[in-house]
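Below is one structure, written out as structure tokens; the observations come after it.
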Amino acid sequence: MSVLIKGGTVVTDSDTYRADVLCANGTVQAIGKDLDVPAGCEIIDASGQYVMPGGIDPHTHMQLPFMGTVASEDFYTGTAAALAGGTTSIIDFVIPSPGQSLLDAFETWQGWAEKAATDYAFHVAITWWDDSVRRDMETLVREHGVNSFKHFMAYKGAIMATDDILVESFSRCLELGAVPTVHAENGELVYHLQQKLLAEGMTGPEAHPLSRPPQVEGEAASRAIRIAGTLGAPIYLVHVSTKDAVDEIAYARQQGQPVYGECLAGHLVLDDSVYRNPDWGQAAAHVMSPPFRPEGHQEALWHGLQAGNLQTTATDHCCFCADQKAMGKEDFTKIPNGTAGVEDRMAVLWDEGVNTGKLSINDFVALTSTNTARIFNLYPRKGAVQVGSDADLVVWDPNGTRTISAATHHQNIDFNIFEGKTVRGIPRHTVSQGKWVWRDGELRAERGAGRYLERPAYPGVFELLERRAELNAPKAVPRH
Ligand code: URP
Ligand code: ZN
Ligand code: ZN
């Protein structure tokens, strides 16, 4: 079965040119002007449209068991919604309970993900530490293609990684050639502020952002970056939401430290006024961590993307419906944290980024796909339009419009944080593994079609970093 995308403009992170793209057997077979149409080939008319690598969302939580409930979106519904939004791969998180074997948790998540409609990979969270964790990290890297490990610096009493764990795990990542990643919020401060606010009688969602002010993120970002820098390890910060954290990243990068940052479509466009909505359900639906921020931080995130200090965009897609959010009716700390967006990320970034002139179309490709593929070692299989790459492509209509709404989205959640927003620039067609899966509004996602993506570690780069760390290590002063 082959598909010819005809008459479009190919856009990569570096180039823009007119060409047809022929996909067969799941990969890109040819790129060129006026390609012949093989017998039986389906044709997608891409005239007036852009042909780009399918999006990669590096941060999703499908069917995550979290805060006493389970995210409503499973690996099938969530990846189907992703395809409708032009995203053709996700990187989800295996999150072992403290004390649980990493390999057992990995197997559980693999089982859940068998129904995925897009290709997928996993980061694995380090939520506790002993020698078995150390060993399992090696098995995951060498035998299961995991090259990134996640550390939650928040969620005290649950999955929080304390400094001793960060030091052990970042060092182990460095030995294995894996990338340590962090959710940067100071969990002790969050816990302290939560108890204080509750004691003062603040029990509603308006207290959520007050319990997690920007400096809580700035402190954790600085600490994680400095721990990584001391050890000579690279570091990737997920869902960077504040100017405080962007400044820490920018400073470290200026010193030559390999630091990477991700930001969420939601954090780029919403502010903390959502928590002051007098309707409890509306405010609670926005409870996620880090929270939406006061005005001004959004501009800093855009500047971070423009300056190259933030390299990727994600969603942290983690869906909880109104009945689940209601678990925190009497106590804001019990509202399950999470919001959706896997279907909307690309259109929101295009509308707010490209249409406003903040980003070029090549920046858009880099930020929605290619940079993630490079950082997490999926490139050029993913994130590219190249002969031999997977035929995961999106045909982007820069003039198409859509009004985002929970009433029409494909995500399995009864709320949309972008409700009512009309975006100009939409995925007109999505091709996954060479098959036409989103066709001008018709979704043909196939349950179980997604494949697990192995992501090899980076021994070469890490050997270099280790040598650099040795050179920078304090030397013993000779005694005479
Ligand atoms: O609120 C969020 N972000 N929920 C999912 C877990 C996490 O912190 O990424
Ligand atoms: Zn997080
Ligand atoms: Zn997350």
Side-chain angles (χ1 to χ4, degrees), residues 57-73 75 78 82 90-98 105 109 120-127 148-161 166 180-187 190-191 194 205 207-209 211-212 216-217 220-221 224 235-242 245 261-268 270 272 274-275 283-293 312-321 324-325 327-328 332-342 345 372 376 411 413 415 417:
D57 190 333
H59 189 154
T60 66
H61 299 283
M62 305 303 174
Q63 69 189 80
L64 174 69
F66 192 52
M67 295 183 72
T69 184
V70 177
S72 57
E73 187 87 281
F75 276 87
I90 60 167
I91 312 183
D92 206 274
F93 292 82
V94 172
I95 306 184
S97 305
W109 258 262
Y120 56 93
F122 288 117
H123 312 280
V124 176
I126 303 301
T127 55
S148 48
F149 292 93
K150 166 82 174 282
H151 308 80
F152 291 92
M153 297 172 76
Y155 306 122
K156 177 177 157 81
I159 51 176
M160 183 167 97
L166 300 184
T181 80
V182 289
H183 166 137
E185 285 187 302
N186 182 316
V190 171
Y191 181 78
Q194 285 177 332
H208 178 68
S211 69
R212 314 177 96 100
V216 160
E217 180 177 324
I235 181 105
Y236 176 98
L237 286 82
V238 307
H239 52 41
V240 172
S241 69
T242 56
E262 161 196 291
C263 78
L264 308 184
H267 282 138
L268 284 165
L270 298 179
D272 64 351
V274 295
Y275 299 114
H286 290 91
V287 167
M288 67 158 304
S289 297
F292 297 107
R293 297 301 190 180
T312 66
T313 57
T315 58
D316 199 358
H317 187 80
C318 188
C319 296
F320 298 109
C321 291
Q324 296 174 291
K325 293 280 182 182
M327 291 165 63
F332 75 92
T333 68
K334 297 196 165 60
I335 301 170
N337 284 204
T339 54
V342 77
R345 173 183 66 123
T372 290
F376 294 112
Q411 302 170 140
I413 178 170
F415 193 84
I417 56 170

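For clarity, every value in this text was computed on a predicted model and none was experimentally measured. Whatever order the structure lists ligands and atoms in, that order sets their numbers, starting from 1.
Geometry note: the Zn ion (ligand 3) is the vertex, H61 NE2 and H59 NE2 are the arms, and the angle is 110° (rounded to 10 degrees).
Applying side-chain contact (heavy atoms from CB on, under 4.5 Å) to F152 and the options V238, I159, V182 leaves one that passes, I159.
Numbered from 1 in the order shown, with element, the atoms of ligand 1 that lie under 4.0 Å from a heavy atom of H59 read 9 (O). Interface atoms of ligand 1 facing M288, defined by a heavy-atom separation under 4.0 Å, are 1 (O), 3 (N).
Within the 4.5 Å cutoff, side-chain heavy atoms of F75 are placed close to those of D92.
With respect to atom 1 (O) of ligand 1, the closest heavy atom belonging to the protein is S289 N, 2.8 Å. The single protein non-hydrogen atom nearest to atom 3 (N) of ligand 1 is D316 OD2, 2.6 Å, given as residue, atom name and distance. Given atom 8 (O) of ligand 1, the protein heavy atom at minimum distance is Y155 OH, 2.6 Å.
Taking distance alone, with nitrogen or oxygen atoms compared against 3.5 Å, N337 approaches ligand 1 more closely than that limit.
Counting backbone and side-chain atoms alike, H183 contributes an N/O/S atom closer than 2.8 Å to the Zn ion (ligand 2). The Zn ion (ligand 3) does not have C318 among its coordinating residues (no N/O/S atom, backbone or side chain, under 2.8 Å).
Y155 and F66 have their aromatic ring centers within a separation under 6.0 angstrom. You'll find the ring centres of F149 and H123 outside the 6.0 Å limit.
Side-chain contact, T333 with Q194: no donor N or O sits under 3.5 Å from an acceptor N or O. Defined by atom type and a distance below 3.5 Å, a donor-acceptor pair is present between the side-chain atoms of S241 and R293.
If you look at D316 and ask which of its N, O or S atoms sits nearest the Zn ion (ligand 3), the answer is OD1.
When atom types are taken as modelled, the side chain of R212 and the backbone of P291 share no donor-acceptor pair closer than 3.5 angstrom.
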